[in-house]
Amino acid sequence: MTVLLSIVPRGTADKAGLRAVGSAAVESYTPFLGPRYGQEPVIHRGLSSPGAVLVEWPATAARHTRRRAIRWASATFPGVGDEPLRSSGPFGQPMELRTPVGGSYMAIAGNRREIYAWNTVPALEAVHYGEDADYFYVSNRPLAIALAMARGDVDAVETSDDYLAEALNFGFSMSGQTPFAGVTTIPTRSAVKISGGRLEVVDGPARPPATIAPNEDPFQPGVSELEAALNSSTDRLLAALPEKTIQLRLSGGKDSRLLLGLLRNRGVENLHAVTQGNETSEEVMVAAQLAEMTGIQHSVVRPAMSVPSSVIDSFTQSLRDGQGFFLSEALGAPYAFADPFVIGEGYASGQWPTFKGLYQRKKSIVQADLDHEWAAHNAQILTPELNEKTAQALLDWAESMPGSTPAEILYAYGRDIRASRYMQASTVVVDAYSQVFFPFADSEVTAVSDALTPYLRFSHIAMFLVMRRVWNESMAVPFARGGRFRFERDGPSEKLSGPDFAQRTAPPEPRPVTVLGADRMAGVPDRALVEEPLTASSRYLLECAAWPRLEKLLSPQFVALIRKLAAMETEHEALMTLRTAKGRVHTRVNLARAILADRWLSREWLRP
């Protein structure tokens, strides 16, 4: 990726003032970019009649901004800049992309009169915007805007209490509030338009829908189109990879298995699969078997702390790497998320494939199913007033899609929220160290997913048939912990399952593996936060500097639970108190989010 920041004067440009703001943004933001960004930033001036400036921080030597006469365009994904410039045509209302431009990126384009910024769907690289008395700001990284608005003064950066509340209940922001006051994320299918001294959030560029060829077989419509889109997405990512080494996070499930097949078919040589776990993990057994079948290097590792000497410092580092965003998977916050073998390598992962339907777990979706999902995704660990406010953000999003059925809303939630805003923090963290390599999170793949019938999505039939085409032999390998395709939950399908159903539903067999980093925690003074997370995390929270403020945000019930767990002598006693496995996991997640809140409030992460 690259980082883009556009600074647009509200009126006639004060060239000296604009130059000073741009210089302050470059100087203050550059240290937050991470080790992959070794190139000097490029400043493009005079892009519009008010004198707009575009700052480009490239991760590689490739330039991302293109000009043609009075028109210009840039995109955050390598090599994409020419395509928006060719396809966007004269700007109008609404803006139109004449041809679909696949990929996963944020784009910004303009002429002498107006500027547009938009993102693909899913929005891994989202558009964020802000404004002050003198300028409008647009970027794919909200911290760049916050520092520009503060004229480079880190101490003047104002964080957002609204973001903190949503991150505690959801793990991310539902409303579009970023970690910084006055900096907002646009809705996924929208765009920012700046023209005539005004900034508006408008409809995003119209995109031609994917065309699905008719087929007499009810299971086949869209399968060949989905396979083609996945192949195109994978080829795009490979062509843009600066380091030809790829680290594949291989769990052996459906997603990573399909991704391995796509890479295997392209003969990628420097492919290193990594599975987190130990010898008794079924995921490790399955991943080892798949790696053996392809002949690729496979490592089983115990995750490393991002700061090897301290769990708490690792929580802080995750916020620093995420540029203020909480990692949505809070339990992974202290670990080195990217952990590359080579800086700049591809980080490949099967992230939230829309063609699986995500939350469409049955054929008929009713309002009660939506209510169940909303409750499951909202921890409600804040005061009643804050719980109501954060819950309203989710309801406001659902109500923003008038006329949609419960099934369509649930699918859109997976596509526009969980595969987008949920992923923003991890995308920023990976981007600091590695080239993001998520072929499923691609606008071409999403367009085909949108065009599939809901049944072929939620049943996993479309994915199953694509996997047959991509790597048929992998379908005879078991899934971990009884995993199955949804259409096979009650047994094999006579028309679809084939002769290998018994093999993929059998228990995995152990394989000889060596676990790397098994003793990583031995010398870490605060390792109890990982080894005894219920009691140690509760004790930490009661003693942390931010507790007086956190206690006012959290519900009396959660505060009482924290005090109760902190008073227990052993972790076993705490586990027995919570009774159910689900309750234990939810409590661990909520405690990890509370620790992230403490670290976020400390502002230590704002020191690069």
Is there side-chain contact between [X] and [Y], with heavy atoms separated by less than 4.5 Å?
X	Y	value
Glu56	His44	yes
Thr184	Tyr129	yes
Val429	Leu327	yes

Let me see the working for Ser173 and Glu166 under side-chain hydrogen bond (donor to acceptor under 3.5 Å, both in side chains), right down to the final yes or no.
CA-CA 5 Å; Ser173 172; Glu166 292 186 50; 3.3 Å; yes
Rounded to the nearest 0.5 Å, how far does [atom2] of [Y] lie from [atom1] of [X]?
X	Y	atom1	atom2	value
Phe172	Phe325	CZ	CZ	12.0 Å
Glu532	Ser537	CD	OG	10.0 Å
Arg527	Met521	CZ	CE	7.5 Å
Leu124	Thr427	CG	OG1	4.5 Å
Arg302	Asn278	CZ	CG	9.5 Å
Ser6	Phe136	OG	CZ	11.0 Å

Would you find more than 12 non-hydrogen atoms of other residues, nucleotides or ligands less than 6.0 Å from [X] atom [atom1]?
X	atom1	result
Glu292	CD	yes
Glu40	CD	no
Arg481	CZ	no
Arg603	CZ	yes

May I ask you to decide if [Y]'s main-chain N or O and [X]'s side chain share a donor-acceptor pair within less than 3.5 Å?
X	Y	answer
Asn265	Val470	yes
Ser232	Ala228	yes
Ser426	Met423	yes
Asn140	Thr2	yes

State, without any angle test, whether [X] and [Y] hold a side-chain donor-acceptor pair at a distance under 3.5 Å.
X	Y	value
Asn169	Arg593	no
Trp57	Thr30	yes
Glu283	Ser251	no
Asp321	Tyr433	yes
Asp162	Gln177	no
His128	Ser139	no
Gln317	Asp313	no
Thr245	His272	no
Asp526	Tyr540	no
Gln323	Tyr29	yes
Ser449	Thr354	yes
Thr316	Arg599	yes

May I ask you to check whether [Y] and [X] place their ring centres under 6.0 Å from each other?
X	Y	value
Tyr359	Tyr413	yes
His377	Phe170	no
Trp352	Phe438	no

So is Arg236 actually on top of Phe77's ring, under 6.0 Å and inside 45° of the axis?
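Negative - Arg236 is either too far from the ring of Phe77 or too far off its axis.
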Taking the inter-plane angle between the rings of Trp605 and Trp600 on a 0 to 90° scale, is it parallel (under 30°), tilted (30 to 60°) or perpendicular (over 60°)?
parallel
Check step by step if ring pair (Phe, Tyr, Trp, His ring centres under 6.0 Å) holds for Phe440 and Phe355.
CA-CA 9 Å; Phe440 302 163; Phe355 46 85; 5.3 Å; yes
